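Single-structure report; data block below.
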Amino acid sequence: MSKLGWFAAGIGLGALAVIQLRDNPKAQVALDEAIAAAKDFSQAVAAGYQEREAELTKPVAKPAARPAAKKPAAKAAAKPAAKKPAAAKPAAKRAPAKK
């Protein structure tokens with residue numbers, strides 16, 4: 001269905017709803033109840049959102065600072081560090097000298 005068809009269907013259904021609301025008092029009562037329920041729901045959602053936002057923005061109490069524990073001094077070079085022998089590098093090849 002084209003966009004124009006959907007647009008025409010929406011206008012027709014809207015006109016039918018207006019006629020029903022005007023002629024049928026039960027339909028008007030049902031609409032008023034639906035509107036009241038939607039308002040209650042939106043207010044409940046807003047209240048829940050505000051409560052959660054207040055929880056998240058509440059400052060967090062920091063625990064009391066404890067004195068730093070002293071660490072024992074490291075033993076001064078108990079073992080000498082083992083040195084790795086340098087890898088033998090091959091001598092660079094030289095081109096023979098020209099006379």
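The shown structure was predicted, so the numbers you read here are calculated from the model rather than taken from an experiment.
- Applying the side chain to side chain contact (heavy atoms under 4.5 Å, CB included) test to Ile35 and every residue at least two apart in sequence or in another chain returns Leu31, Lys39.
- Side chain to side chain, Gln28 and Asn24 fail the donor-acceptor criterion of an N or O pair below 3.5 Å.
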Any chance you could lay out the salt bridge (charged side-chain N to carboxylate O under 4.0 Å, His left out) test for Arg52 and Glu55, step after step, and finish with the verdict?
-> CA-CA 5 Å; Arg52 183 63 179 149; Glu55 288 176 7; 2.8 Å; yes
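- Annotation: salt bridge (Lys or Arg N to Asp or Glu O under 4.0 Å) contacts of Glu33 (sequence neighbours excluded): none.
- Not counting sequence neighbours, Ala30 has no partner by the side chain to side chain contact (heavy atoms under 4.5 Å, CB included) test.
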